[in-house]
Amino acid sequence: MSDTIIIEGLQVFTRIGVPEDERANAQKLEISITFPLANLKKAARLDDIGLTVDYFQVAQLAKSVAHERPRKLIETLAEDLAAAILRQFAVKWVGIEIRKFILPDARHVSVRIKRKGEKPGT
């Protein structure tokens, strides 16, 4: 098992939904992001953020991507988030889970994806 960083339940507000009236107002989503960290042990030993991935920056990127435009599908947002994180951070893969609170008789609906980086060495 590889060492991972997990951002669990990041709350974002975005305009999302298939019907146009659902996208008219921002709604709350929860996003969880998981990614491996190759140098966790060394970063911890040296207490050096330069050897790890700054999860605050990952969270800020996720919020920015969520806010940049309306989308119909949480699937689209998940793909957009994964692509942005893989482009900006040196991680081999990223896992994204998005929870939407839309069905009255369900706690939430979610989509979960895992995408690998395409850069050499990732």
For a quick test of reading the model, state the closest non-hydrogen atom pair linking [X] to [Y] and the distance between them.
| X | Y | result |
| --- | --- | --- |
| Ala66 | Thr14 | O-OG1, 2.5 Å |
| Lys100 | Ile16 | NZ-O, 3.9 Å |
| Phe35 | Val91 | CD1-CG1, 3.7 Å |
| Ala82 | Arg115 | CB-CG, 3.9 Å |
| Leu51 | Ala43 | CB-CB, 3.7 Å |
| Val65 | Glu68 | O-CG, 3.1 Å |

So how far is it from [X] [atom1] to [Y] [atom2], rounded to the nearest 0.5 Å?
| X | Y | atom1 | atom2 | result |
| --- | --- | --- | --- | --- |
| Ile102 | Leu29 | CD1 | CG | 9.5 Å |
| Lys114 | Glu97 | NZ | CD | 14.0 Å |
| Leu77 | Ile98 | CG | CD1 | 3.5 Å |
| Ile33 | Leu10 | CD1 | CG | 6.0 Å |
| Ile49 | Asp54 | CD1 | CG | 4.0 Å |

side-chain hydrogen bond (donor to acceptor under 3.5 Å, both in side chains) involving Thr52 - partner list, sequence neighbours excluded:
none
Does some side-chain heavy atom of [Y] sit less than 4.5 Å from a side-chain heavy atom of [X]?
| X | Y | result |
| --- | --- | --- |
| Glu30 | Ser110 | no |
| Arg69 | Thr76 | yes |
| Gln27 | Phe101 | no |
| Ile6 | Tyr55 | no |
| Ile5 | Val58 | no |
| Ile31 | Val12 | yes |

Whether the side chain of Arg23 engages the backbone of Val18 through a donor-acceptor N/O pair (distance < 3.5 Å, no angle test) should be reported.
yes
Any donor-acceptor pair under 3.5 Å from Thr4 side chain to Pro36 backbone
no
Do Lys72 and Glu22 pass the salt bridge (charged side-chain N to carboxylate O under 4.0 Å, His left out) test, and can you show the C-alpha distance, the side-chain angles, and the key distance before you say yes or no?
CA-CA 9 Å; Lys72 292 180 181 177; Glu22 187 182 348; over 6 Å; no
Qualifying residue, where the test is side-chain contact (heavy atoms from CB on, under 4.5 Å) with Glu75 and the options are Val111, Asp80, Ile113:
Val111
